[in-house]
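Have a look at the structure below, then the notes.
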Amino acid sequence: MSKEVRVRYAPSPTGFLHVGGLRTALYNFLFARKKQGKYILRIEDTDQARIVPGSLENILQTFNDFKLNADEGPYWQDGTQSRGGFGPYSQSQRLDIYKKHAQELIEKKAAYYCFCNPARLEELRKNQEAQKLPPKYDKQCLTLSGPEIEAKLRAGESHVVRLNVPSDQTIRFTDVVHGEIKISSNEVDDQVLLKSDGFPTYHLASVVDDHLMQITHVIRGDEWIPSTPKHILLYSAFGWESPQFAHLPLLLSKTRKKLSKREGDVAVRDLLEQGYLPDALLNFIALLGWNPKTKDEIFSLLDLIEQFSLEKVNKAGAVFDLDKLDWFNSVYIRKMKPEELFAKTLPYLVKAEIPVSMYPTEFVSEILALEKDRLRKLSEIGERVMYFFKDPTYDAKLLIWKKSDKQIIIQNLEKLLELLKTTKPTEDNIKKFISDNEMKTGEVLWPLRVALTGVEASPGPFEIMKAFLVLPNGREIILKRINSAVANLYKI
Ligand code: GLU
């Protein structure tokens, strides 16, 4: 029987979750579900200085929003309790475990105490820089004798523990995405494993935890490839089998550079606040580096679980294109049921100071139905429908269709006003009016639409009037706006 698949997402709580982090979490989640394994959340909080309060809560909340809750990890919200049999899942609560393992490496001569002070290390670095050599510790403390080390430790001298990287070895590992990767051990620095404050570095902590938590596959961003040889050395020093590695491609901007904030490298929470729907965002993010090798682009979480495989993860960087995200979002908005659209857009209407509660629900629903096919993100809604709630101020020139004559436009609108005093403003009635009077369609419908909205782009005038007619005073609003448009035309 093959081993149960166990994967982990191991963020450092140094800020709110960004798209790259969500992608890593998602791929781990999908792989675990596909293989019927376990997906673990581990908090790598050993760099105490970089901790940002609230990060863990943000990760847990985001997982909840995306239905990506971990099978094991720090318990919901407070982070102090954990669920799963391999806890605690926050590294700051596992310090004794790392110390014990560092000790084991020292005994095996795979690691050693280093007492060099920052001034010496700085000088070493400068000399190497001057000689154009890569910065590397020179193993000076490896020459200390047992009694010398004892004496220094007894005297309470500040120290770290370093990995004793052997020289002239080829370190190799097979990455599921990148294939075989090899590097000479001469290029690997004697990495600090335990810092002077007794905290482990990422390298020691993550290897020890991946082993003790029985992680079978390490799925993480490409930026960790240079660290992996150190991890391979650690696994072999401990005599442990190393997990399989899969490094995910970088996220790039459209210009193929590092993703900037403007181009979408924002906290996932900000994207949700802008009104990107979780399902759309997840669908979009899933395709950043994973190629389903089908024509389809729309995948639910269940579809993704069914189709995901690490073998279909690309090596090359994935372009994060906000326009594409807008497209996905609009597809998902179009699929929403009216009640759902109402509930989801309500906070944005309120934010735009639209007094929704003063209007009949049918009116708001009618308006939302009009905008549904045009919306790219929910936050656009207030601006798009404002004219329904607030009388427009006109740029009178906008009322004139193309190169038409102002007088004709005025005349047409005045005639239309006459008609609408006695006739209902419906599509059929207005179309008949246009043909009976032999008017040009554009010279009626364009100024009518602008009279009703004041804006350059909107749904058509018939749809807008239909929505207004839901209101008891809808007809008056329509007449008032056409009147006021005419008055504005006289002024230019
Ligand atoms: N704590 C690391 C990070 O913040 C985890 C890297 C890994 O998955 O090994 O990304």
Side-chain angles (χ1 to χ4, degrees), residues 5-32 37-52 54-56 58-60 62-63 68 70 72-74 79 86 88-95 97-98 101 163 173 175-178 181 191-193 195 199-235 238 240 242-251 258-259 265 267-268 285 288-289 310 313:
V5 162
R6 290 175 57 83
V7 295
R8 83 310 190 265
Y9 173 57
S12 303
T14 53
F16 288 173
L17 194 62
H18 277 220
V19 279
L22 183 63
R23 186 196 55 179
T24 304
L26 175 64
Y27 285 16
N28 274 286
F29 174 91
L30 295 176
F31 186 69
K38 291 277 180 330
Y39 157 65
I40 292 132
L41 172 64
R42 183 172 74 221
I43 301 299
E44 303 208 324
D45 55 352
T46 55
D47 193 348
Q48 298 277 305
R50 291 182 58 228
I51 292 178
V52 174
S55 310
L56 174 58
N58 172 260
I59 291 165
L60 294 173
T62 312
F63 279 9
L68 297 181
E72 297 175 21
F86 297 81
Y89 291 91
S90 290
Q91 291 186 328
S92 59
Q93 292 168 27
R94 301 171 62 85
L95 298 182
I97 300 175
Y98 309 125
H101 282 88
L163 177 64
F173 64 97
D175 186 283
V176 183
V177 178
H178 296 266
I181 295 182
Q191 177 66 52
V192 173
L193 299 176
K195 296 181 278 188
F199 276 75
T201 55
Y202 154 71
H203 306 280
L204 177 66
S206 87
V207 166
V208 167
D209 286 349
D210 284 343
H211 174 72
L212 295 181
M213 295 180 182
Q214 295 179 13
I215 300 302
T216 54
H217 297 75
V218 168
I219 305 169
R220 61 185 172 201
D222 262 3
E223 67 273 26
W224 299 103
I225 289 181
S227 298
T228 310
K230 294 172 187 170
H231 302 174
I232 300 288
L233 287 176
L234 282 169
Y235 284 109
F238 281 119
W240 297 337
S242 65
Q244 289 207 49
F245 292 95
H247 287 95
L248 310 176
L250 286 177
L251 296 188
K258 196 173 169 285
L259 204 58
D265 184 24
V268 172
I285 285 176
L288 292 177
L310 287 175
V313 171

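Computed from heavy atoms alone, side chains included, the values below leave out hydrogens, waters and symmetry copies. Atoms within each ligand, like the ligands themselves, are counted from 1 in listed order. Note that the numbering runs from 1 along the sequence shown for the chain.
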Value rounded to 0.5 Å, distance of CD1 in Ile43 from CZ in Arg8
12.0 Å
Could you tell me how the ring of Phe63 sits relative to the ring of Tyr39: parallel (under 30°), tilted (30 to 60°) or perpendicular (over 60°)?
tilted
For Ala246, the side-chain contact (heavy atoms from CB on, under 4.5 Å) test, sequence neighbours excluded, returns Val176, Val177, Ile219, Leu310
Would you check ligand 1 and list the protein residues that come within less than 4.0 Å of it by any heavy atom, ordered by chain and number?
Arg8, Ala10, Ser12, Glu44, Tyr202, Arg220, Trp224
Any side-chain heavy-atom pair of Ser12 and Asp47 under 4.5 Å:
no
Applying side chain to side chain contact (heavy atoms under 4.5 Å, CB included) to Met213 and Tyr89, what does each step give before you reach the verdict?
CA-CA 9 Å; Met213 295 180 182; Tyr89 291 91; 4.0 Å; yes
Does Arg6 make a cation-pi contact with Phe86 (under 6.0 Å, within 45 degrees of the axis)?
yes
